[in-house]
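Scroll down for the structure; my scribbles are underneath it.
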Amino acid sequence: MANVAVIGAQWGDEGKGKLVDWLSERADVIVRFQGGHNAGHTLVIDGTTYKLHALPSGVVRRGKLSIIGNGVVLDPWHLIREIEGLRGQGVDITPETLMIAENTPLILPFHGELDRARESQTSVARIGTTGRGIGPAYEDKVGRRVIRVADLADRRTLSLRVDRALTHHNALRSGLGLTAIDRDALIAELEAVAPQILPYAKPVWKELDQARRRGRRILFEGAQGALLDIDFGTYPYVTSSNVVAGQAATGSGMGPDAVDFVLGIVKAYTTRVGEGPFPTELDDADGARLGTRGHEFGTTTGRQRRCGWFDACLVRQTAAISGMHGIALTKLDVLDGFDRLRICVAYDLDGERLDHLPTASEAQARCVPIYEEMDGWSDSTRGARSWADLPAGAIKYVRRVEELIGCPVALLSTSPEREDTILVTDPFRD
Ligand code: GDP
Ligand code: IMO
Ligand code: MG
């Protein structure tokens, strides 16, 4: 029996959704364990595109159980819209196929408002968030004033929880020049959405324990990427949750040994959305070519993603922090046709060679990449489904990546299509 955790190894958008969908054929249960609808996971199945934000990417497959774990922050109104949208695409979602942990914190409208108000302030405060209220909702969770799914079931509890949250938020809003929240209107909105959410609410930890005892295979789906992790990312330009593999257990209600294989999803180059340091960022024709060939526009906000060369230093670091057993290298096809490719192998910081990204953001911003150059390849890897279909130059690149990050390639992805995937080692090995 093997359970697998899928983790983004860079700044998100590595292709986690595609790989989770592909792997979920082999899994019984798919669990999201952190983040919220800041995530944007794109699946392409026989030419049809599905965009998932709050729902696990296993939801499109029949006969699988999808779970939203307690480590997620959930906007109930968004969830209902996302479910409706997918139903419109013929995806069946019922309380038999989707469960939400009862202890999941809710994102409320004032969280999004606060997030956007902060982002529109001075440039010093800007993180470049998705504006979806993720940070403020996690702040309320840790501040012990968030409203959780289970609170929707009881009118009295709900009204007490709302008062607790508003005591804090109305004081904050007055400082920001925002109007006070209409308590009764908010309670009415929550009471209206409750019957649409509560049928999915379950003690998820128990369901997962039972699934595990019955030998079911569990796939943990991470959102964002390790460099956006609240502890290990490029702080403060990060998201507000732990996204590293250790969170899979806490964010779903299982023990630390629940994960047998940590699969890092690694883009064959690097991208980032929002503000913050990015040592290998390219501001030239190569960067533009990566963006165009890779269609690097955000699934959630439509923002153009910043692009740069592959940074082996960063991935070596995130592979260690998440204890990755293997990686899925994605978007290799985007590198087709480059004459020369560069890989960052270390940084120069004020004349000193560093083999990892320093912690202080000011030092991160001053890191100058030290590159290794490789010949590109002229043949296409697009749509390759076996190792034998790859040009020698591409194989050399993949081997060099493995060597530099100290972690083997378990899967390769060569287009957005589900089946354009090469399996090297099965993460669900028995
Ligand atoms: P996620 O957030 O990690 O799930 O990644 P996104 O879905 O936000 O971004 C990845 C984008 O790349 C999506 O549009 C995918 O359809 C696409 N994609 C995934 N794998 C590949 C690949 O191997 N090659 C190409 N060209 N596109 C890919
Ligand atoms: P997926 O799961 C890429 C980034 C935002 C911003 C920072 C904080 O699709 O890989 P937040 O709204 O979370 O408070 O924003 O994190 N960010 C992502 N970047 N992919 C994501 O998710 C992201 N989720 C958040 O752009 O820089
Ligand atoms: Mg994404």
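One-based numbering, in listed order, for ligands and for the atoms of each. If you read the sequence from its start, that first residue is 1, and numbering goes on from there. Predicted model, so just to flag it, every value in this text is computed and none were measured.
Close contacts between ligand 2 and L228 involve ligand atoms 4 (C), 16 (O), 17 (N), 18 (C), 19 (N) [criterion: under 4.0 Å to a heavy atom]. Interface of G40 with ligand 2, defined as ligand atoms under 4.0 Å from a residue heavy atom, comprises 1 (P), 9 (O). Which parts of ligand 1 touch T414 is read off a 4.0 Å heavy-atom cut-off, strictly below it: atoms 23 (O), 24 (N).
Not one N or O of G274 is nearer than 3.5 Å to an N or O of ligand 2, by distance alone. Residue N38 places at least one N or O, backbone or side chain, under 3.5 Å from an N or O of ligand 2. For the pair K16 and ligand 2, the shortest N or O to N or O distance falls below 3.5 Å. Annotation: G131 places no N or O atom under 3.5 Å from an N or O atom of ligand 2; distance criterion only. Every N/O-N/O distance between R132 and ligand 2 stays at or above 3.5 Å. Looking at T130 next to ligand 2, an N or O pair under 3.5 Å apart turns up.
Under a 4.0 Å heavy-atom criterion, R305 is in contact with ligand 1.
A distance-only check finds no donor-acceptor pair linking the side chain of Q89 to the backbone of Y50 [under 3.5 Å].
For residue A223, no N/O/S atom approaches the Mg ion (ligand 3) to within less than 2.8 Å.
Looking only at heavy atoms of the protein, atom 6 (C) of ligand 2 is closest to G128 O, 3.1 Å.
Distance CZ/R62 to CG/D92: 5.5 Å, rounded to 0.5 Å.
When heavy-atom distances to ligand 1 are checked against a 4.0 Å cut-off, I265 has no atom that comes that close, whether in backbone or side chain.
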